[in-house]
Amino acid sequence: MDFSGELNNSQLEAVVHASGPALVIAGAGSGKTRVLTYRVAQLLSNGVPAYRVLALTFTNKAAREMQRRVASLVGDMQAASLWMGTFHSIFGKILRVEAEILGYTRDFTIYDAQDSRNMIKQIIKELKLDDKIYKSNDVQGRISMAKNMLITPEAYALSDNIRQADKAARKPAIHEVYRYYAARCKKSNVMDFDDLLLQTNILFRDFPDVLEKYQRKFEYLLVDEYQDTNYSQYLIIKKLSALHHNICVVGDDAQSIYSFRGARLENILNFKNDYPEYSLYKLEQNYRSTTTIVGAANSVIARNQEQIPKELFSRNEEGEKIKVIRALSDREESVQVVNEIYRAARDERQDYSRFAILYRTNAQSRLFEEVLRKLNIPYRIYGGTSFYQRKEVKDLLAYLRLAVNREDEEALRRVINYPRRGIGDTTVEMLREIARLHDVSTWNVLENLDRFNQLSAATARRLVAFREMIDGFSAMARDEEAFPVARHVALSSGIVADLSGDSTPEGVSRRENVEELLNAVKAFSEAAYKENNEDRLARFLSEIALLTDQDNEKSDDTPKVTLMTVHSAKGLEFPTVCVVGLEEALFPSVQSVYSAENLEEERRLFYVALTRAEKRLILSHALTRYRNGEITSPRPSRFIGEITPCFISAPAPARVPPRTGHEHPVQARVERRVEAPVEPVEVGDVDLTRLRPLLPEAIVPGIVVYHDVFGAGKVLSVEGTGGNRKANVYFGKHGPKVLLLKFARLSAEKE
DNA sequence: CTCTTCCAGCTTTTT
DNA sequence: GCTGGAAGAG
């Protein structure tokens, strides 16, 4: 194969790198995926069998994309036998094969974050710890951190450092929660996300022959996004590659944005120490963006201390300057940004798929959604509650999990009384208590009910009925294929019946979701048949457990504006990118502004955001923003100021938002007809750059206020108190209005 | 045991 | 502004 025509020199060098360790530092937009895919193709064309190549990515999406591109180079057959996937899915597969030597069965199920949190909550309760102090989120974070650092519960309890830290945080009992949690997971034959990596490490540590088997099997390793690997992942890679040293890692230290979940930038910085004989390749030419965008991104990232020296450059056109939008309020920000998109799409005849709105937190999506919907602009929103997190979907999945693994405690807890079958909290608590006393799983207690006679006859009867139902499902799951089992479970568990009683739109949508899940099982069955794979429920469940929303792309050809967090935008590109909510305490987030390290990570995140853009970049911030029901007046993000000014177009003064004619549904409701047109009131001009939001108490007759939609106005009178306080305001352009101050966001000129 | 209502906490990002 | 859990009534 000759790729020289399709790759630049440094890309080509990295692709043809024969064997031994290689570190590829790939700047944003420098053709990283290209290098990886060509490198895989190169290996295959050199005669390396596909099943000896292991390629690890961070998201399923990236894995699929790579698979697709490799397939286009070498054909589907070869591409399909590659080991390509996320860390979690690949090692989940391996663990399923090796489960027994670790004391699990092959049918172990996987806890998602919510399952783990529930179990942790439960344990905190059982240990009689104060759940105000032991917040399940924090505790889960600590346990996750420990697992990713390969700290076992025993080691956790023994470590002085950790003890001190927990003590300082006034949570000295976390190690106990961890111990119980780990024991309960094991007893339930389940692994959480972190276990998929931790148990792999335990497997490789305690069973050298197993490790050797995989070392021999995987002759070539490729790792994408190496800067985002955590310690657990790092060690797996290190062990697997120890025999052949054929490890090629690709990454960009400037795009490391996952340290909050244990990713270690050091892994990429220390590659040279782990493999002194390594070759280094740097991809520094950006093919994605204009020189303006690359220049701006460079000027920002240059402020970080910790980095591998490199100079990202672009030979593309200079392009437009970056536009900064300063909006008076969060609502107006969304109106202006969407207008910007609307106009560009109309004037330049661009379709909506060429635009992306990127924000720091998912919560910011709502306002943009509202405005997009009003203007009838199609959009696709990523993140938020995914399909697999919906209650009804999780309920059915819990039944399916139980059918495969009856010890799965969270699944049991979820459905033992859903739909209602008269097994209440008291009974469930008792079952768990007995399970704990005898150190067995809750299911085991159900199987030996007759040994416990403190149950009323009615309760015992209900429990037996439930047990028999699950046993039935379980027997079926052993013998039959996934789809018939799933359908049977949906019907005879009573879920479908329960949902069909509900004719509200939500109820209908829940039913549809259950159907959708059944369709997914069917699709899985069909795919399994085509690929000659085993069509088992167990396999379906383990695939689904590691899926996220972004993986279920619905094919729909309407071009849509993309809305997502900056995190999930990593790896993507769009002709026009709007980065919104650029305010202190939001982006950079509050949690990070006090630590230099975290601030550098936020800056990298901002860098990632900027480098998603190909042609045009729009940044926006608002002067007032509602957060958790409270009004705030944030300062513009320091990151805007960190862009060398020559890349930014001259700042336009804040403008009155264009009217779309139907904004503020809330106000429409509270507007009252005001009797007899009051005499026109003189309303002076307002200097929009000096506006500050007003608290309801500060609004008194006589002052001049500013409203996002109605413009400047004079307060005539105020009535009511508290949440009912209303003001009668005369607006220069719109006449008199009565506004409920709880909703109306009025501002005034600063003194 | 079930249903309703009220309150707190949440908003950093994801496999 | 929403969701999940607690608490209280039936």
Side-chain angles (χ1 to χ4, degrees), chain A residues 56-63 85-92 110-114 116-118 121-122 125 131-132 135-138 141 144 147-148 191-197 225 228-230 232-233 256-263 358-367 370 382-386 388-391 417-429 456 458-459 462 542-551 564-570 581 585-593 598 601-602 604-606 608-609 625-630 632 666 742-743:
Chain A
L56 296 165
T57 61
F58 262 79
T59 61
N60 298 300
K61 205 165 153 193
T86 63
F87 278 85
H88 291 84
S89 78
I90 294 285
F91 296 110
I110 297 170
Y111 273 3
D112 67 14
Q114 198 193 341
S116 319
R117 190 154 56 247
N118 286 342
K121 242 183 228 167
Q122 174 75 21
K125 213 190 271 174
D131 60 3
K132 293 263 177 344
K135 302 251 182 72
S136 57
N137 268 326
D138 296 352
S144 175
K147 287 187 169 185
N148 286 326
M191 294 198 198
D192 65 16
F193 286 147
D194 301 321
D195 277 328
L196 295 174
L197 307 173
E225 310 279 16
D228 285 332
T229 47
N230 62 32
S232 194
Q233 291 165 322
S256 161
I257 54 176
Y258 283 110
S259 79
F260 70 92
R261 67 174 213 221
L358 307 183
Y359 34 78
R360 179 69 233 275
T361 67
N362 278 311
Q364 289 164 258
S365 67
R366 217 190 74 244
L367 289 171
E370 281 172 16
Y382 292 77
T385 344
S386 86
Y388 295 104
Q389 285 165 16
R390 305 252 161 90
K391 183 185 176 304
N417 199 31
Y418 176 80
R420 295 271 121 91
R421 49 174 71 89
I423 304 174
D425 292 349
T426 335
T427 310
V428 175
E429 280 311 306
S456 77
T459 309
R462 293 185 190 124
S542 57
E543 264 182 36
I544 229 123
L546 301 172
L547 236 48
T548 59
D549 217 25
Q550 310 194 22
D551 302 319
M564 54 169 57
T565 62
V566 181
H567 279 91
S568 38
K570 186 155 92 158
L586 183 60
F587 197 175
S589 84
V590 227
Q591 291 92 326
S592 63
V593 293
N598 292 344
E601 173 145 323
E602 290 290 305
R604 292 192 293 265
L605 191 59
F606 185 56
V608 168
R625 176 176 301 277
Y626 272 80
R627 291 189 81 182
N628 300 337
E630 303 235 311
T632 60
V666 178
K742 196 160 64 165
F743 296 121

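Naming: A, B, ... by sequence-line order, numbering from 1 per chain.
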request  = Could I get the full list of side chain to side chain contact (heavy atoms under 4.5 Å, CB included) partners for A:Thr565, not counting sequence neighbours?
outcome  = A:Tyr359, A:Asn362, A:His567, A:Ser568
message = With a 4.0 Å cutoff (strictly under), does any side-chain N or O of A:Ser89 reach OP1 or OP2 of B:dT15?
response = no
query = Distance-only, no hydrogens or angles: does the A:Gln233 side chain make a donor-acceptor pair with backbone N or O of A:Phe87 under 3.5 Å?
reply = no
message = Among residues at least two apart in sequence or on other chains, which ones pass ring pair (Phe, Tyr, Trp, His ring centres under 6.0 Å) with A:Phe91?
response = none
message = Going by side chain to side chain donor-acceptor pair (under 3.5 Å), name the residues that satisfy it together with A:Arg462, two or more places apart in sequence or in a different chain.
response = none
task = Go through C:dG1, B:dT15, B:dT13 for me and flag the one nearest to the A:Thr59 side chain.
result = B:dT15
query = Which part of the nucleic acid, if any, lies within contact of A:Thr427, taking any heavy atom under 4.0 Å across all strands shown: a base, the sugar-phosphate backbone alone, or nothing?
reply = sugar-phosphate
request  = Figure out the OH/P separation between A:Tyr626 and C:dG1, and round it to whole Å.
outcome  = 9 Å
request  = Between C:dG1, B:dT15, B:dC1, spot the one nearest the side chain of A:Thr426, thanks.
outcome  = B:dC1
inquiry  = Checking contacts here: which listed nucleotide (B:dT13, C:dA6, B:dT15) is nearest the side-chain heavy atoms of A:Lys125?
reply    = C:dA6
request  = Send over the distance from A:His567 NE2 to B:dT11 P, rounded to a whole Å.
outcome  = 14 Å
key: Candidates B:dT15, B:dC10, B:dT13 - which lies nearest the side chain of A:Thr361   = B:dT13
message = Can you measure A:Asp228 atom CG to B:dT14 atom P for me and round it to whole angstrom units?
response = 12 Å
key: A:Thr565 side chain near B:dT14 phosphate (N/O to OP1/OP2, under 4.0 Å)   = yes
inquiry  = Counting the atoms with a prime plus P, OP1 and OP2 as sugar-phosphate, which does A:Phe87 contact under 4.0 Å by heavy atoms, base, sugar-phosphate, or nothing?
reply    = nothing
Listed nucleotide nearest any side-chain atom of A:Lys121, set B:dT14, C:dG5, B:dT15 = C:dG5
Nucleotide C:dG5, atom C1' - distance to CG of A:Asn137 in whole Å = 14 Å
key: Donor-acceptor under 3.5 Å (A:Asn417 side chain, A:Ile423 main chain)   = yes
message = Using a heavy-atom cut-off of 4.0 Å across all strands, would you classify A:Phe58 as base, sugar-phosphate, or nothing?
response = sugar-phosphate
ask   = Which residues satisfy the side chain to side chain contact (heavy atoms under 4.5 Å, CB included) test with A:Glu543, sequence neighbours excluded?
value = A:Phe524, A:Arg539
Check the interface with nucleotides 2-8 of chain B: list each N/O to N/O pair with the protein under 3.5 Å, or write none.
unit_1	atom_1	unit_2	atom_2	d
B:dT2	OP1	A:Gly422	N	3.3
B:dT2	OP2	A:Asn417	ND2	3.1
B:dC3	OP2	A:Arg420	NH1	2.4

request  = On DNA chain B, check which nucleotide each of A:Arg627 and A:Asp194 is closest to and give me the residue with the more 5' one.
outcome  = A:Arg627
Separation of B:dC10 P from A:Lys135 NZ (nearest whole Å) = 5 Å
query = What's the closest nucleotide to the A:Arg366 side chain, out of C:dG1, C:dG5, B:dT12?
reply = C:dG1
query = With A:Arg366, which residues qualify under side chain to side chain contact (heavy atoms under 4.5 Å, CB included), at least two apart?
reply = A:Glu370
inquiry  = Measure CD/A:Gln364 against C1'/B:dT13 and give the value in whole Å, please.
reply    = 12 Å
inquiry  = Can you tell me if A:Phe260 is stacked onto the base of B:dT13, using a 5.5 Å centroid cut-off and an angle below 30°?
reply    = yes
query = Does any N or O in the side chain of A:Thr86 come within less than 3.5 Å of the main-chain N or O of A:Thr59, such that one atom is a donor and the other an acceptor?
reply = no
inquiry  = Could you tell me how far apart A:Leu586 (CG) and B:dT12 (C1') are, to the nearest whole angstrom?
reply    = 9 Å
query = Over how many whole Å does the gap from A:Glu429 atom CD to C:dA6 atom P extend?
reply = 11 Å
